[in-house]
Amino acid sequence: MKIALLGYGKMGKTIEKIAIDRGHEIVIKTSDEDGYDITKADVAIDFSVPNAAFFNIVNCFKHQVPVISGTTGWLDNYNKAIAICEEEKGAFIYASNFSLGVNIFFELNNYLAKMMGQLKQYEVSMEEIHHTQKLDAPSGTAISLAEGIIKEHPEYTNWKLGNEETNKTIPITAKRIENVPGTHRIDYGSHTDTISITHTAHNREGFALGAVIAAEWILGKTGVFAMKDVLNIG
Ligand SMILES: NC(=O)C1=CN([C@@H]2O[C@H](COP(=O)(O)OP(=O)(O)OC[C@H]3O[C@@H](n4cnc5c(N)ncnc54)[C@H](O)[C@@H]3O)[C@@H](O)[C@H]2O)C=CC1
Ligand SMILES: O=C(O)C1=N[C@H](C(=O)O)C[C@H](O)C1
């Protein structure tokens with residue numbers, strides 16, 4: 001399969017290695033929004049920057065090139081992108097985190113939130129830790145985890161960045177530490193004890209492998225999908 005890498009930074013380079021190992025060809029590597037012909041690719045993988053993702057994704061829809069996006073921090077425009085995808089009969093998967101481990105962690109988070117919803121003495125909080133180059137906070141993964149809790153737990157209706165605990169709000173602390181690929185922890189604390197679940201990425205290979213698997217899966221399909229569909233979990 002011929003792949004366009006829209007964004008050739010830390011993730012683009014890791015995806016390139018894994019894609020080549022799996023027998024694919026990289027036909028476009030770009031760190032720019034123009035100067036390339038997207039129709040040369042069978043599929044595009046966008047890991048760019050928050051203010052470039054929407055343009056990159058829509059450009060793929062307009063040329064009927066299926067697109068996988070892992071870029072975070074652009075989701076204010078997500079619904080607009082979905083509408084254009086449907087109009088253009090495009091194919092699209094966005095995931096805040098493509099790793100198999102985190103997608104299992106998402107399911108575990110939903111299950112735990114459902115159980116904890118019956119126990120009023122526990123309050124939830126979240127911490128995410130990433131490298132110092134990260135542009136957005138909280139991480140896309142932390143937002144997905146918070147949305148999972150809000151869906152399953154009757155006491156929570158929103159989230160906010162910071163550690164202040166307010167009614168019905170999940171506090172998310174974002175820490176930036178050199179070279180950390182991505183750590184997410186959820187705590188349910190009470191007067192007597194704390195229950196915690198943590199996912200720790202040791203490197204970027206899990207994210208990259210998931211994105212390549214999603215690109216292989218979407219070829220020949222039309223519509224908007226999620227990583228759940230690709231992995232057949234949940
Ligand atoms: N969903 C997931 O599993 C994961 C998502 N991410 C997200 O992916 C994104 C990229 O992460 P990294 O590779 O670590 O960042 P990075 O900063 O190393 O790479 C981003 C690249 O995008 C380039 N770029 C800037 N404008 C562009 C444009 N208009 N078109 C194409 N490329 C452009 C930059 O020059 C840079 O090389 C971030 O939003 C990050 O949060 C990162 C890891 C996993
Ligand atoms: O920027 C990163 O590095 C990561 N971003 C994603 C996010 O915002 O959740 C996924 C992963 O945690 C690494």
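Ligands are counted one by one from 1 in listed order, and the atoms in each one are counted from 1 as well.
- Not less than 6.0 angstrom separates the ring centroid of Phe225 from the ring centroid of Phe92.
- Of the N or O atoms in Thr71, none lie within a sub-3.5 Å distance of an N or O in ligand 1.
- There is a side-chain donor-acceptor pair under 3.5 Å between Asp136 and Thr72.
- Of all protein heavy atoms, the one closest to atom 2 (C) of ligand 1 is Ser96 O, 3.4 Å.
- Using cut-offs of 30° and 60° for the angle between ring planes, the Phe98 and Phe47 rings count as tilted.
- For Phe98, a nitrogen or oxygen atom sits less than 3.5 Å from a nitrogen or oxygen atom of ligand 1, counting backbone and side chain alike.
- Checked against a 3.5 angstrom limit, the closest N/O atoms of Gly70 and ligand 1 fall inside it.
- At a 4.0 Å cut-off, not a single heavy atom of Gly73 sits close enough to ligand 1 to count as contact.
- For Lys175 and Glu128, the salt-bridge test fails: no basic side-chain N is under 4.0 Å from an acidic carboxylate O.
- The residue from Phe47, Trp74, Tyr8 that puts a heavy atom closest to atom 4 (C) of ligand 1 is Phe47.
- If you number the atoms of ligand 2 from 1 as listed, the ones under 4.0 Å from a heavy atom of Asn97 come out as 10 (C), 11 (C), 12 (O).
- Residue Pro181 holds the heavy atom nearest to atom 13 (C) of ligand 2 of all those in Ser139, Pro181, Gly9.
- Which parts of ligand 2 touch Gly140 is read off a 4.0 Å heavy-atom cut-off, strictly below it: atoms 7 (C), 8 (O), 9 (O).
- Contacts of His131 with ligand 2, taken as heavy-atom pairs under 4.0 Å, involve the side chain alone.
- Checked against a 3.5 angstrom limit, the closest N/O atoms of His131 and ligand 1 fall outside it.
- No side-chain N or O of Thr183 forms a donor-acceptor pair with one of His199 less than 3.5 Å apart.
- The number of heavy atoms from other shown groups lying within 6.0 Å of NZ (Lys114) does not exceed 12.
- The protein heavy-atom contact nearest to atom 5 (N) of ligand 2 is Lys134 NZ, 3.1 Å.
- With no hydrogens or angles considered, a side-chain donor-acceptor pair links His24 and Glu216 at under 3.5 Å.
- Between the side chain of Lys221 and the backbone N or O of Trp217 there is at least one donor-acceptor pair closer than 3.5 Å.
- Across every non-hydrogen atom of Leu6 and Ala44, the tightest pair is CD1-CB, 4.0 Å.
- Under a 3.5 Å cut-off, the side chain of Asp46 and the backbone N or O of Ile57 do not form any donor-acceptor pair.
- Distances from atom 39 (O) of ligand 1 to the heavy atoms of Val102, Asp34, Thr72 show the closest one on Thr72.
- When hydrogens are left out, the protein atom nearest atom 9 (O) of ligand 2 is Thr141 OG1, 2.5 Å; that is the closest non-hydrogen contact.
- With 3.5 Å as the limit, one finds a donor-acceptor pair spanning the side chains of Thr192 and Ser190.
- Looking at His130 against ligand 2, only its side chain comes within 4.0 Å, counting heavy atoms.
- Residue Lys134 places a heavy atom less than 4.0 Å from ligand 1.
- At a cut-off of 3.5 Å, with distance as the only test, no side-chain donor of Tyr111 or Glu152 sits close to an acceptor on the other residue.
- Protein heavy atom in closest approach to atom 29 (N) of ligand 1: Ala52 CB, 3.2 Å.
- Contacts of Ala211 with ligand 1, taken as heavy-atom pairs under 4.0 Å, are absent altogether.
- Neither the backbone nor the side chain of Arg204 has any atom closer than 4.0 Å to an atom of ligand 2 (non-hydrogen atoms only).
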Check the pair Asp187, Ser196 against side-chain hydrogen bond (donor to acceptor under 3.5 Å, both in side chains), reporting the backbone distance first and the verdict last.
CA-CA 4 Å; Asp187 292 324; Ser196 303; 2.5 Å; yes
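- Shown here for Trp74 and Ser69, the closest heavy-atom pair between the two residues is NE1-OG, 4.1 Å.
- An N or O contact shorter than 3.5 Å is missing between Pro50 and ligand 1 by distance.
- If you check each of Ser48, Gly210, Gly7 against atom 20 (C) of ligand 1, the one with the closest non-hydrogen atom is Ser48.
- Taking the side chain as every heavy atom from C-beta outward, Arg22 and Val212 approach each other to under 4.5 Å.
- Those atoms of ligand 2 that come under 4.0 Å of a heavy atom in His184, given as number and element, are 12 (O).
- Annotation: Met11 places an N or O atom under 3.5 Å from an N or O atom of ligand 1; distance criterion only.
- Residue Asn56 has at least one N or O atom closer than 3.5 Å to an N or O atom of ligand 1.
- Distances from atom 6 (C) of ligand 2 to the heavy atoms of Ser96, Gly182, Ser144 show the closest one on Ser96.
- Among protein heavy atoms, the minimum distance from atom 15 (O) of ligand 1 is reached at Lys10 NZ, 3.9 Å.
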